Enquirer: 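Could you have a look at this structure, given as structure tokens, before my questions?
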Amino acid sequence: MIWQYRQAETIAAMIHVGNELGLFTAMADAGPLTADALGERTGLHPRWLLEWMRLQAAARVLVYCGEDSFQLPAEANALLADKSSRAFAADNFAGGPTPAQLDGLMESFRTGIGKTYESEGMDGVTRSEERHRKSAEQQVVPKMIPALSGVLEKLTQGGLVADVGCGDGALVLAMAKAFPNSVFHAMEPNRFSIAHVERRIAEYGLGNVHTFIAPAERFPHDERYDLIVTFDCIHDMPHPQNAIQEIYRHLRHDGTWFIKDIRSKPKFEDNLRNPMLAMMYGFSLFSCMASGMSEPGGAGLGTLGFNPEVAERMSRQAGFTRFRMHDFHDPGNLYYEVRP
């Protein structure tokens, strides 16, 4: 059984190769193709393509049609070929960690200190940007914002919004486009993130977004906000309780704190039902918990550490009195509407 995990690592790397070379796109809706036919479509060497196609068929990604011909099943188009689809996932495969990344991880086991997202450079900022953009434009703005009490009206008329831990900026930029009467503050301690967001602001010609290199525990000014969003970041913070206290202090009395965080349960035994659990703990060791322990005394909540019980307890400890969980039918994340 242990070799199945090594096989999965290899398949992941070859999905990455197929995505980068445009092989899945070339095979979409094309019916059965031989390596020679795929070579004509892509300009790539047929012998290399044949080995790749055989691997994908062995992995049940492609369907083997006989006589060395292979087909991308129609149900895989959205996952592997259609980059405009919200379900597109091929860009999430890049093979396993590098030797340097593994060395850094093992050093963290010895010292107890992790790493910041900034240490990953620009690659760490843009890795999931397209997926975040689709979610923001297709789900958050049209469906989630209207579900929050009174928020749509405030943003339409003109409110003040902070995206704390804005990352690649996909969410704050989508909101700024949708609500031109409102002003948006993009906050992030990672200077590479802020540089990237500033480039996108210039590219889109947005005048209602302002950026700040700042940790969540120390807002850069004394503004009070109508809406503060923290998407997939509280569990990454070395000092999340301090960050939540700061959010409480900077929210208007009738304001809203909107949280997205990983779907999880308080007990490990209950999380064992999640078929992707091992992968999520891997994300935690390499990224989320590593960030949460990047400073001495870091909380180290980890990818699965901000479950609903923890989220409500920490929110109420900071002074919030209203805590509501929304079900937006997102299999990987939970959403909370928190108010003073």
Side-chain angles (χ1 to χ4, degrees), residues 92 94 96-128 132 163-168 187-194 212-219 229-248 257 259-272 274 276-315 317-318 332-334 336:
N92 285 277
T98 66
Q101 289 173 319
L102 288 171
D103 287 344
L105 174 62
M106 289 186 285
E107 184 62 18
S108 292
F109 274 75
R110 298 183 183 100
T111 65
I113 302 299
K115 63 176 184 177
T116 65
Y117 280 103
E118 186 171 280
S119 68
E120 299 180 11
M122 190 57 73
D123 288 343
V125 175
T126 59
R127 187 178 300 129
S128 301
H132 294 160
D163 185 348
V164 177
C166 67
D168 54 38
M187 302 181 194
E188 170 66 53
N190 184 345
R191 59 192 173 92
F192 293 106
S193 291
I194 292 300
F212 303 88
I213 299 176
E217 304 96 314
R218 294 189 302 278
F219 279 33
V229 297
T230 56
F231 265 40
D232 196 20
C233 64
I234 292 293
H235 68 261
D236 294 313
M237 296 179 183
H239 307 290
Q241 189 64 61
N242 293 346
I244 295 170
Q245 294 282 170
E246 188 78 342
I247 289 167
Y248 178 80
W257 176 27
I259 308 167
K260 168 189 173 183
D261 218 286
I262 302 299
R263 182 182 290 272
S264 65
K265 296 181 181 298
K267 293 183 178 179
F268 176 71
E269 293 86 345
D270 293 330
N271 286 317
L272 282 171
N274 182 346
M276 297 291 104
L277 189 63
M279 181 180 70
M280 297 178 78
Y281 278 112
F283 291 159
S284 193
L285 286 164
F286 277 107
S287 298
C288 304
M289 193 188 79
S291 174
M293 297 188 70
S294 59
E295 300 176 12
L301 290 179
T303 303
L304 297 149
F306 199 61
N307 61 67
E309 286 188 11
V310 172
E312 182 167 7
R313 182 176 70 248
M314 295 179 73
S315 298
Q317 184 176 331
N333 299 283
L334 294 171
Y336 312 103

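Computation of the quantities below employed the complete heavy-atom set of this structure, encompassing side-chain atoms and omitting hydrogens, waters and symmetry-equivalent molecules. Quick note: residue numbers are just sequence positions, from 1. Source: prediction; values computed, not measured.
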Enquirer: Are Phe306 and Ile262 packed together at the side-chain level, in the sense that at least one heavy-atom pair is separated by less than 4.5 angstrom?
Expert: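 No, every pair of side-chain atoms sits at 4.5 Å or beyond.
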Enquirer: Between Phe109 and Leu285, is any pair of side-chain heavy atoms under 4.5 Å apart?
Expert: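 They are in side-chain contact.
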Enquirer: Indicate the atoms forming the closest heavy-atom contact of Pro97 with Leu102, along with that distance.
Expert: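 Nearest heavy atoms, Pro97 then Leu102: CG-CD2, 3.8 Å.
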Enquirer: Which heavy atom of Ala243 sits nearest a heavy atom of Ala216, and at what distance?
Expert: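 Residues Ala243 and Ala216, closest heavy atoms: CB-CB, 3.6 Å.
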Enquirer: Considering non-hydrogen atoms only, spot the tightest contact between Met122 and Phe192 and give its length.
Expert: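 Result for this residue pair: CE-O, 3.4 Å.
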Enquirer: In Å and rounded to the nearest 0.5 Å, what is the CD to CD distance from Gln241 to Glu217?
Expert: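 Output value for this atom pair is 11.5 Å.
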Enquirer: Of all heavy-atom pairs between Glu120 and Phe286, which one has the smallest distance, and what is that distance?
Expert: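 What the structure gives for the nearest pair is OE2-O, 4.4 Å.
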Enquirer: Can you tell me how far the NZ atom of Lys260 sits from the CD1 atom of Ile234, to the nearest 0.5 Å?
Expert: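 Going from the NZ atom of Lys260 to the CD1 atom of Ile234 covers 13.5 Å.
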Enquirer: With side-chain contact (heavy atoms from CB on, under 4.5 Å) as the test, would you mind laying out the steps for Cys288 and Leu304 before giving the verdict?
Expert: CA-CA 9 Å; Cys288 304; Leu304 297 149; over 6 Å; no
Enquirer: Kindly give the heavy-atom pair with the smallest separation between Phe268 and Tyr281, and that separation in Å.
Expert: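 Shortest heavy-atom contact: CD1-OH, 3.3 Å.
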Enquirer: Taking C-beta and beyond as the side chain, do Leu272 and Leu277 meet within less than 4.5 Å on heavy atoms?
Expert: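 They are in side-chain contact.
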Enquirer: Is it the case that over 12 heavy atoms from other parts of the model lie below 6.0 angstrom from the NZ atom of Lys265?
Expert: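 No - once you tally the heavy atoms of other residues, nucleotides and ligands closer than 6.0 Å, there are 12 at most.
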Enquirer: Counting distance only, does the side-chain N/O of Thr98 pair as donor-acceptor with the main-chain N or O of Gln101 below 3.5 Å?
Expert: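 Present.
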Enquirer: Under 3.5 Å, which donor-acceptor pairs do the side chains of residues 291-303 form with other protein atoms, sequence neighbours left out?
Expert:
residue : atom : partner : partner atom : Å
Ser291  : OG   : Asp236  : O            : 2.8
Ser294  : OG   : Ser291  : O            : 2.7
Glu295  : OE1  : His239  : NE2          : 2.9
Thr303  : OG1  : Ser284  : N            : 3.2

Enquirer: I want to check something: taking the side chain as every heavy atom from C-beta on, are Asn333 and Phe231 in contact at a cut-off of under 4.5 Å?
Expert: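 SC-SC contact between Asn333 and Phe231 ruled out.
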Enquirer: Between Arg218 and Glu246, does any side-chain N to carboxylate O distance fall below 4.0 Å?
Expert: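 Result for this pair is no, no salt bridge flagged.
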Enquirer: Which atoms form the tightest heavy-atom contact between Ala318 and Gln245, and what is the distance?
Expert: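 Scanning both residues, the minimum pair turns out to be CA-OE1, 3.3 Å.
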Enquirer: Measuring from atom CG of Asn307 to atom CG of Leu334, what distance do you get when rounded to the nearest 0.5 angstrom?
Expert: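 If we round to the nearest 0.5 Å, Asn307:CG and Leu334:CG are 9.0 Å apart.
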Enquirer: Do Ser315 and Trp257 have side chains that approach each other closer than 4.5 Å (heavy atoms only, starting at C-beta)?
Expert: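 Ser315 reaches Trp257 side chain to side chain.
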